[in-house]
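Chain letters run A, B, ... following the sequence lines, proteins first, then strands; residues in each count from 1.
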2 protein chains.
Amino acid sequence: MDYDRFKYCGLNVALNVLSGKWKPVILFHLFHEEEVRFTELWRNIPKVAKKVLLEQLKQMEEDGVVIRKEKNTFPPEVYYRISEKGKALGPALAALESWAREHAAEDVAAMRAAKRVTP
Amino acid sequence: MDYDRFKYCGLNVALNVLSGKWKPVILFHLFHEEEVRFTELWRNIPKVAKKVLLEQLKQMEEDGVVIRKEKNTFPPEVYYRISEKGKALGPALAALESWAREHAAEDVAAMRAAKRVTP
DNA sequence: CAGTATCCCGCGTGATACTG
DNA sequence: CAGTATCACGCGGGATACTG
């Protein structure tokens, strides 16, 4: 394994994109559903405040991992889907998950400070 | 790519282990140096408060990614090194970095809110 | 030298109500 | 329905001094 390619600044960029309490769940849904209306997404992530969900989606849009599509109707319809840049995160996310499965399975139930929601 | 293996709870576990302003840098050093004395590590990460560095190291130790070895001397000598569990993070970290290189290179210099240090 | 004790501050998150 | 406006709070992180 060549750890010479381990430049932590790029790592920080990536982690920054992922840092946000609900971003992993959002990615989970967008990876699986291809195009989700806002309310539907909101209903599927029950405990998040609407404001916060909007914030995180906006950040992800700015980061280019999520695409927002708005129909000019009334009432408004807004759909979110993952971008190519977002899809490209797939392998990295899968790697993180498999690490968790193989090396931190015990911790899934008892995450430090129980800060994150783990259904 | 099988996104059925995309279980975001494991993802959250992994991200939780990585969440901490200085953990990426710490990992960077431990990946490259095999055994570092505390002060040496501290000198190599200039802008961090000693307290905070100790906190993050302690968390990483609790998470099992870092091993603390203490010599019973005076003055005390404490060495930190990466564990097997920590080493196993390598591929995932490399994946995140390569994603950043390929899809977010522009952002490296202009990270949102400039919250993170990127030398 | 490694670690602890205080005190402090800002930001991410949350609850709630309002608007177009 | 999607989005904004307030207000509030806890916690991660920082500065500084002290201890064994």
Kindly point out which of [options] is positioned nearest to the side chain of [X]?
| X | options | result |
| --- | --- | --- |
| B:Val48 | D:dG14, D:dC1, C:dT13 | D:dG14 |
| B:Ala49 | D:dA15, D:dC1, C:dT16 | D:dA15 |
| A:Pro76 | C:dG20, C:dT4, C:dT16 | C:dG20 |
| A:Phe74 | C:dG20, D:dT4, C:dG14 | C:dG20 |
| B:Trp22 | C:dT13, D:dA15, D:dG13 | D:dG13 |
| A:Lys51 | D:dG13, D:dC7, D:dC1 | D:dC7 |

Have B:Gln59 and B:Lys23 got a donor and an acceptor in their side chains that come within less than 3.5 Å?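 A donor-acceptor contact under 3.5 Å links the two side chains.
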Whole angstrom value for the distance that separates [atom2] of [N] from [atom1] of [X]:
| X | N | atom1 | atom2 | answer |
| --- | --- | --- | --- | --- |
| A:Glu55 | C:dA15 | CD | P | 13 Å |
| A:Leu41 | D:dC1 | CG | C1' | 14 Å |
| A:Leu54 | C:dG20 | CG | P | 17 Å |
| A:Asn16 | D:dG12 | CG | P | 17 Å |
| A:Lys58 | C:dT13 | NZ | P | 16 Å |
| B:Leu18 | D:dG12 | CG | P | 16 Å |
| B:Leu57 | D:dG13 | CG | P | 13 Å |
| A:Leu53 | D:dC1 | CG | P | 15 Å |

Do B:Phe38 and B:Leu53 have side chains that approach each other closer than 4.5 Å (heavy atoms only, starting at C-beta)?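 With C-beta onward as the side chain, the pair touches.
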Go through the steps to decide whether A:Arg81 and A:Glu33 satisfy the test salt bridge (Lys or Arg N to Asp or Glu O under 4.0 Å), and finish with yes or no. CA-CA 8 Å; A:Arg81 58 192 191 78; A:Glu33 289 189 48; over 6 Å; no
When we call it a touch if two heavy atoms are under 4.0 Å apart, what does B:Tyr79 touch: a base, just sugar-phosphate, or nothing?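 Answer is nothing: B:Tyr79 stays at 4.0 Å or more from every strand.
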When all nucleic acid strands are considered with a 4.0 Å heavy-atom cut-off, which category describes A:Glu40: base, sugar-phosphate, or nothing?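 Contact class for A:Glu40: none.
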Would the base of C:dG12 count as contacting A:Lys21 through its side chain, where contact means a donor and an acceptor less than 3.5 Å apart?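 No such pair is found, so the answer is no.
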Can you say whether the rings of B:His32 and B:Phe28 are parallel (under 30°), tilted (30 to 60°) or perpendicular (over 60°)?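 If you compare the ring of B:His32 with that of B:Phe28, the planes turn out tilted.
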Could you tell me whether the side chain of [X] and the main chain of [Y] form a donor-acceptor pair under 3.5 Å?
| X | Y | value |
| --- | --- | --- |
| B:Ser83 | B:Gly64 | yes |
| B:Trp42 | B:Val48 | yes |
| B:Asn16 | B:Asn12 | no |

Can you check whether A:Gln56 has a side-chain N or O nearer than 4.0 Å to OP1 or OP2 of C:dT13?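 So the side-chain polar atoms of A:Gln56 do come within 4.0 Å of the phosphate oxygens OP1 or OP2 of C:dT13, strictly under.
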On DNA chain D, check which nucleotide each of A:Arg37 and B:Val52 is closest to and give me the residue with the more 5' one.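 Result: A:Arg37.
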DNA chain C stem ranges, 3 or more consecutive Watson-Crick or G-U pairs under 3.5 angstrom: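 Output for stems: C:1-20 with D:1-20.
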Take A:Ile26 and A:Tyr80 through the side-chain contact (heavy atoms from CB on, under 4.5 Å) test and state the conclusion after the steps. CA-CA 10 Å; A:Ile26 294 172; A:Tyr80 291 92; over 6 Å; no
